[in-house]
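Only one structure is covered here, and it is reproduced in the block below.
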Amino acid sequence: QVQLVESGGGLVEPGGSLRLSCAASGTIFSINAMGWYRQAPGKQRELVATITSGGTTNYADSVKGRFTISRDNAKNTVYLQMNSLKPEDTAVYYCNAGVRTSIRGPRNDYWGQGTQVTVSS
């Protein structure tokens, strides 16, 4: 099995910064793309940012220039540096990873349990 554990959420004032981390563990042969998604109350889950194993990144328009996604392949960990936070960034943030557990096995998507980010004065 594969587990994704997020950390780093919390309460921050508008304009502040937070750094989220997500570590994958378990039976891992390889990890393809990793990413962050978020879900605000009453809204659907939406993509925030993704990063491939080679380092290619993709961002939602709403966070471009403010958020930076990165990963440490040796540690199976993905990060999300969030700067210039706005109240509309308030949501539960979820980590996602596409993982193969064996050389010939399929790639399956795994999700973390989510971490709350609240931006408020």
Side-chain angles (χ1 to χ4, degrees):
Q1 267 293 7
V2 175
Q3 298 82 37
L4 301 182
V5 178
E6 299 121 332
S7 61
L11 173 65
V12 64
E13 293 187 346
S17 298
L18 281 176
R19 188 188 193 215
L20 305 184
S21 299
C22 172
S25 63
T27 305
I28 297 172
F29 175 75
S30 66
I31 301 178
N32 188 10
M34 302 184 80
W36 291 95
Y37 293 72
R38 67 186 181 188
Q39 187 167 19
K43 295 188 177 181
Q44 290 188 332
R45 189 174 298 189
E46 63 177 4
L47 179 146
V48 176
T50 61
I51 184 169
T52 67
S53 57
T56 300
T57 58
N58 179 53
Y59 295 93
D61 288 343
S62 59
V63 306
K64 283 181 180 177
R66 300 188 298 121
F67 291 10
T68 302
I69 189 170
S70 60
R71 65 190 281 176
D72 184 332
N73 291 331
K75 295 182 179 180
N76 291 331
T77 299
V78 63
Y79 307 95
L80 185 68
Q81 178 66 44
M82 304 185 293
N83 299 328
S84 302
L85 282 160
K86 305 175 181 179
E88 51 263 45
D89 294 319
T90 295
V92 178
Y93 283 69
Y94 296 91
C95 172
N96 170 267
V99 180
R100 292 185 188 277
T101 57
S102 65
I103 189 169
R104 290 186 175 85
R107 179 184 64 82
N108 293 317
D109 277 337
Y110 293 88
W111 292 88
Q113 80 286 355
T115 185
Q116 177 70 47
V117 171
T118 302
V119 184
S120 175
S121 55

| request: Using salt bridge (charged side-chain N to carboxylate O under 4.0 Å, His left out) as the criterion, list what pairs up with K43, not counting sequence neighbours. | output: none
| query | More than 12 heavy atoms of other residues, nucleotides or ligands under 6.0 Å from CD of E88: is that the case? | reply | yes
| query | Nearest 0.5 Å, what's the CZ-CG distance between R71 and L80? | reply | 14.0 Å
| request: Could you please spell out the steps behind the side chain to side chain contact (heavy atoms under 4.5 Å, CB included) verdict for S25 and V2? | output: CA-CA 6 Å; S25 63; V2 175; over 6 Å; no
| query | Which pair of heavy atoms, one from I28 and one from N76, lies closest together, and at what distance? | reply | CD1-ND2, 3.8 Å
| message | If we ignore hydrogens and angles and just use 3.5 Å, is the side chain of T90 paired with the main-chain N or O of V119 as donor and acceptor? | response | yes
| With a 4.5 Å limit on heavy-atom distance, are the side chains of C95 and V78 in contact? | yes
| query | How far apart are the C-alpha atoms of N108 and V99, what are their side-chain angles, what is the distance that settles it, and do they pass the side chain to side chain contact (heavy atoms under 4.5 Å, CB included) test? | reply | CA-CA 5 Å; N108 293 317; V99 180; 6.0 Å; no
| Rounded distance [0.5 Å steps], CD1 in I69 versus OG1 in T56 | 11.5 Å
| message | I want to check something: taking the side chain as every heavy atom from C-beta on, are P87 and P14 in contact at a cut-off of under 4.5 Å? | response | yes
| Derivation of the side chain to side chain contact (heavy atoms under 4.5 Å, CB included) call for V92 and Y94 | CA-CA 7 Å; V92 178; Y94 296 91; 3.5 Å; yes
Side chains of residues 111-118: which donor-acceptor pairs under 3.5 Å do they make with residues two or more places apart or in other chains?
{"unit_1": "Q113", "atom_1": "NE2", "unit_2": "E6", "atom_2": "OE1", "d": "3.4"}
{"unit_1": "T115", "atom_1": "OG1", "unit_2": "G9", "atom_2": "N", "d": "3.3"}
{"unit_1": "Q116", "atom_1": "NE2", "unit_2": "A91", "atom_2": "O", "d": "3.4"}
{"unit_1": "Q116", "atom_1": "NE2", "unit_2": "T118", "atom_2": "OG1", "d": "3.3"}

| side-chain contact (heavy atoms from CB on, under 4.5 Å) with T27: which residues, sequence neighbours excluded? | T101
| request: Please test N58 against L47 for side chain to side chain contact (heavy atoms under 4.5 Å, CB included), starting from the C-alpha separation and ending with a verdict. | output: CA-CA 9 Å; N58 179 53; L47 179 146; 4.1 Å; yes
| query | Counting only N and O atoms by type, is there a donor-acceptor contact under 3.5 Å from the side chain of R45 to the main-chain atoms of Q39? | reply | no
| request: Sort and list the pairs that fulfil ring-ring contact (aromatic ring centres under 6.0 Å, His included) and have at least one residue in residues 49-81, not counting sequence neighbours. | output: none
| Given side chains that start at C-beta, do those of Y110 and Q1 come closer than 4.5 Å, heavy atoms only? | yes
| task | For residues 22-32, pull every pair meeting salt bridge (charged side-chain N to carboxylate O under 4.0 Å, His left out), keeping only residues two or more places apart or in separate chains. | result | none
Pairs of donor and acceptor atoms involving the side chains of residues 29-38, under 3.5 Å and at least two apart or interchain, shall be tabulated with distances.
{"unit_1": "R38", "atom_1": "NE", "unit_2": "E46", "atom_2": "OE2", "d": "2.7"}
{"unit_1": "R38", "atom_1": "NH1", "unit_2": "D89", "atom_2": "OD1", "d": "3.0"}
{"unit_1": "R38", "atom_1": "NH1", "unit_2": "Y93", "atom_2": "OH", "d": "2.9"}
{"unit_1": "R38", "atom_1": "NH2", "unit_2": "E46", "atom_2": "OE2", "d": "3.3"}
{"unit_1": "R38", "atom_1": "NH2", "unit_2": "S62", "atom_2": "OG", "d": "3.4"}

| Is there a side-chain hydrogen bond (donor to acceptor under 3.5 Å, both in side chains) between N83 and S17 once you walk through the steps? | CA-CA 4 Å; N83 299 328; S17 298; 2.9 Å; yes
| query | If you take all heavy atoms of A24 and L4, which pair is closest and at what distance? | reply | CB-CD2, 3.3 Å
